[in-house]
Participant: 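Mind looking over this structure? Questions follow.
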Amino acid sequence: MTRRITVSLPDDVAQYLDKHPNSSAVVADAVRARMERGAAVAAALRAAGVDITDAGIDAARGALPPFTDEQRAGFRAWHASKAAEKPGGDR
C-alpha cells in the first residue's frame, strides 16, 4: 500500500530529486535508511543497558541545539569524501 503526501524541501534537495526518474523511491530509500539507523542506535543503547522510553526520546530531542550551517557543510564534505572512496563512488 502506498500513500501520497506533499512535502516542502530545500531547493538543493528538490534539484537532486529532479534528476531522478523515481523521486518517490529515492525519498522512501532515504527515510528507510534513517529508520534503520535509528533502530540500530536504539538496539545498541538497549544492549548497553539504557532503558529507552518515548518520554526519554522526547526529552533528548529538545536537549541538543540544531546543527549549524557550518556543521551541515562539514558533514556533507565528510560524506562526499567517504562516497568517493567507494568503487564507483565518484560518479
Side-chain angles (χ1 to χ4, degrees):
M1 183 171 168
T2 60
R3 223 174 96 194
R4 183 178 182 89
I5 63 170
T6 301
V7 296
S8 298
L9 300 169
D11 288 339
D12 62 322
V13 175
Q15 289 169 357
Y16 177 83
L17 290 174
D18 287 342
K19 298 175 185 175
H20 294 276
N22 189 346
S23 57
S24 292
V26 174
V27 172
D29 288 347
V31 172
R32 282 194 181 107
R34 183 173 178 148
M35 291 166 56
E36 290 169 5
R37 283 191 309 271
V41 169
L45 289 172
R46 284 188 184 99
V50 177
D51 183 26
I52 300 174
T53 65
D54 290 341
I57 291 170
D58 289 342
R61 278 196 180 109
L64 296 173
F67 287 122
T68 64
D69 289 341
E70 183 178 335
Q71 289 169 322
R72 288 179 197 278
F75 176 74
R76 284 189 190 109
W78 176 85
H79 191 272
S81 72
K82 292 299 177 187
E85 291 174 6
K86 296 179 183 177
D90 57 348
R91 289 184 231 171

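One is the number of the first residue; the rest follow in order along the sequence. What you see is a predicted model; the values in this text were computed from it and never measured.
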Participant: Would you say S81's side chain and W78's backbone share a donor-acceptor pair under 3.5 angstrom?
Facilitator: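 It does hold such a pair.
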
Participant: Is it the case that over 12 heavy atoms from other parts of the model lie below 6.0 angstrom from the CG atom of D18?
Facilitator: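 Yes, CG of D18 has more than 12 neighbouring heavy atoms, counting only those of other groups under 6.0 Å.
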
Participant: Listed by chain and number, what are the ring pair (Phe, Tyr, Trp, His ring centres under 6.0 Å) partners of F67, not counting sequence neighbours?
Facilitator: none

Participant: Write down the atom of A14, the atom of L9, and the distance for their closest heavy-atom approach.
Facilitator: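 It is N-CB, 4.4 Å.
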
Participant: Got more than 12 heavy atoms from elsewhere within 6.0 Å of CG, D11?
Facilitator: no

Participant: Counting only pairs under 3.5 Å, give me each side-chain donor-acceptor contact of residues 32-40, with atom names and distances, residues two or more places apart or in other chains.
Facilitator:
none

Participant: Check this for me: D12, atom CG, are more than 12 non-hydrogen atoms of other residues, nucleotides or ligands nearer than 6.0 Å?
Facilitator: yes

